[in-house]
Amino acid sequence: MGTIYCWLQSLFGQDLAEHLWGWDMSTQDYTKPNQFNTLGLYMVVLSFTMVFIFYYIINHPRFNRWWSWLIMLLINAGLNFLYAWLITLSDLSNNFISDDLMYVRDVSTNEIITQKIIESNCIYFGITNAIIASVFFILFSFAFRWWSKNCSTCPFPN
Amino acid sequence: MAKLFIFGIGGTGSRVIKSLSMILASGVSLGDNIDEIVPIIIDVDKGNEDLTRTIEILKNYEAIHSKVASNANYKGFFQTKQTNLYPISGNEYRLTIQDVQGKTFGQYIDYQTQTGAQKDLTNLLFSGNQDDKGKPKPLLDMDMAIGFQGNPKLGCVVLNQFKGNNDFDTFAANFVQGDRIFIISSIHGGTGAAGFPLLLKNLRNADVPTPNSALLRSAIIGAITVLPYFQLKDGDIKSADFISKTKAALQYYLKNVNPSLNSMYYIGSGSNTHNYENNKGGTAQKNDAHFVEFAGAMSIVDFALQSDIMIASQGNRFLEFGIDDFTNGIDFSVLGNASNGIIKKPLIQYHFFKMYLDYQLRKSINCQPWSNRGKVKITKDFINPTSGFYQILDSFNKRFGEWVNEMALNDPHFTPFNQDAHLLNSISNNPPKDSFMNFWKTNYSLFDDYLNAAERNIGNTTAELKFIELFNKATSNLFTQRYN
């Protein structure tokens, strides 16, 4: 799952990616939990749930236009953005990110020269999650729409 | 493949056939005994508007049926085959009465060349007058091209030409073992009152050279005689004479007609009737559709549904149509179980079908899965003005709407549908079942839901058949699940 996220690593930065892979400064290895797997699993489950809700729960003749589907895609993207942004922001605020990933320090004084992971990295990671969630939403839509009574031709006829 | 030949004589005959077409369009089945109907209209008044409307409806019905008949197992709207025996343009479905156009009755019987006793007899029989625009006019000078104007004694002479009539022989040649005949006429007018006994006599006494004469003599024949059910405003034809004419005719039928019939249906409406414009014929004769004609058409369905054994004997089966109370009009709630069992579901289905086409089709086509799913798609091209099939269907439906509206405005009112209500509440005195999910899909979104479900069960077929099948299945399920 992390590999998929890392296709868009340039958006949210290598340091945040290393943190999410589970880098631990104290062991100099990836010994913390791999958060990509957890985040990815939630993203996949949420995207599938949104597709299922649209095609089989709502399943309404007045809500089967392309724009209805687009609304659902955007809601899914929004929820996934929020989830990824809040998780990483929480790590950032609670100092769960290894120091060597967070800062560039002066070797002699150990003073912080620059902060490598800031709030914008979290926002960009949220955006990355939203993009990937949208791709999964599209894939799930085309895989599971066929059996929907009222929405099988959404977003466009088969 | 048994056929039911239906003779509609005069204006009432045309109007009952019109009602029958509407009933059959809605998918009412004629059962296993009859596979096909063959309407034959007998009316010398070729220009009368009732006839013109009926012919248009019959032609459109046949065109629509031809498209759905590609599936031999098809059941539903327009399922009953209807055949036109007389394909000459301008004369479809009509048995030609020869030598009447542009002639007076005197010219028809060659009065000018008659002499002596023959002329005296003619004078004795036809010396009366008929009002013509308020002035008396000799019967001998009456124009035959607009019918017999309430004078059955003229009709008896003019219509007595079945023997040797090419169109009658065409009918006889098409009549085979197992086929049946049904005759529709009014008893109080001119053409129907005269034509019915004559036609029956010619059938029961058929002889060579008429084709299949032996089969005709023994054919199962049913008839409906329509008793007075409307009044006319003051004018040349006196509706005050209807009852006396009816009594005289019934007396005659008792011995000369009834014993030859396998089934005889009587219908009429003695009170609460409407006053029609007093038109002798031609394009001005356009009587509104009436419940009596509708019930008359149901008698044909009843006749078709009887097994041969049930109606094998002659002179034994006489039926009337009754309703407990129609002081507040007629809808499904006051019809009997037998009638509702035959027509309620199909008519409601067709009403839903028409409402959807009128109010929702253009919004849903190309958007709903029933339209754009599957190999055969129902696109906007299907309903554009150059689409022959849809335009024919639309024309038919306009006549259906006109027919329903006219019956609602006539007396007694027949108002099975409330045209001003929303779709699901448009069945008079029959609200849909309550359901806790009713709020979720209402009216046309619910209809689209049923259409989308129906689309799953329709195989690869033509666009026309798919379209009709969709609405058949959807309206059937809608009725069964929400009203039954």
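Just so it is clear: chains get the letters A, B, ... in the order the sequence lines come, proteins before strands, and each one is counted from 1. Just so we're clear, the structure is a prediction, and the values are computed from it rather than from any experiment.
- B:Q360 approaches A:R62 most closely through the heavy-atom pair NE2-NH2, 3.3 Å.
- Atom CD of A:Q28 has more than 12 neighbouring heavy atoms from other residues, nucleotides or ligands inside a 6.0 Å radius.
- A donor-acceptor pair under 3.5 Å links the side-chain atoms of A:H60 to the main chain of B:W440, judged by distance alone.
- Around the NZ atom of B:K375, the shell of radius 6.0 Å holds no more than 12 heavy atoms that belong to other residues, nucleotides or ligands.
- Of the two parts of B:Y444, the backbone and the side chain both hold a non-hydrogen atom closer than 4.5 Å to a non-hydrogen atom of chain A.
- Other residues, nucleotides and ligands contribute at most 12 non-hydrogen atoms within 6.0 Å of the CD atom of A:Q14.
- Counting heavy-atom pairs closer than 4.5 Å to chain A, the top residue among B:D448, B:N366, B:L446, B:L451 is B:D448.
- Nearest heavy atom pair, residue B:P369 against residue A:S152, reads CB-OG, 4.2 Å.
- For OH of A:Y30, the number of neighbouring non-hydrogen atoms (other residues, nucleotides, ligands) closer than 6.0 Å is greater than 12.
- The shortest non-hydrogen separation linking B:R373 to A:S148 is NH1-O, 3.3 Å.
- Test A:N150, A:T153, A:N59 against B:N452 for side chain to side chain donor-acceptor pair (under 3.5 Å) and you get one pass: A:N150.
- Within 6.0 Å of the CG atom in B:D32, the count of heavy atoms belonging to other residues, nucleotides or ligands does not exceed 12.
- In the displayed structure, B:N457 atom CG is contacted under 6.0 Å by more than 12 heavy atoms of other residues, nucleotides or ligands.
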